[in-house]
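Numbers for residues simply follow the sequence, beginning at 1. Computed from a predicted structure; not experimentally measured.
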Amino acid sequence: MHAVVIDIYTSEAYIALEDGTNACIGLSHVPYNIKPGSKINVSINTINMSNHKMPNILF
C-alpha cells in the first residue's frame, strides 16, 4: 500500500496510508534514505496497525 512519511524518529516512522489511516512503523520496514514527505510502498501484512482516522468535521 502506498504511504507518505509524516515524521521520523530514532527507531520509528509515522506514515499516512492512502486510505487515510496513520501508522507508526519501525524503520526496518521502510527504505533507508526516507525523509518526511517521501512516498513509500508499505506491506501492511508485516506491520501491526491501529486505526487513527480523523472524522471529517467542518468547524
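Side-chain contact between Ile8 and Pro36: present, with at least one pair of heavy atoms (C-beta onward) separated by less than 4.5 Å. Under the 4.5 Å side-chain criterion, counting only non-hydrogen atoms from C-beta, Met1 is in contact with Glu18. No side-chain heavy atom of Ile15 sits under 4.5 Å from any side-chain heavy atom of Ile6. Contact of the Ile40 side chain with the Pro31 side chain is registered, since non-hydrogen atoms from C-beta on lie closer than 4.5 Å.
The OG1 atom of Thr21 sits 3.5 Å away from the CG atom of Asp19 when rounded to the nearest 0.5 Å.
For Tyr9, the side chain to side chain donor-acceptor pair (under 3.5 Å) partners are Asp7, not counting sequence neighbours.
Nearest heavy atom pair, residue Val5 against residue Lys35, reads CB-O, 3.7 Å.
Both Ile25 and Leu27 belong to a common hydrophobic cluster when Ile, Leu, Val, Met, Phe, Trp and Tyr are linked at side-chain heavy-atom distances under 4.5 angstrom.
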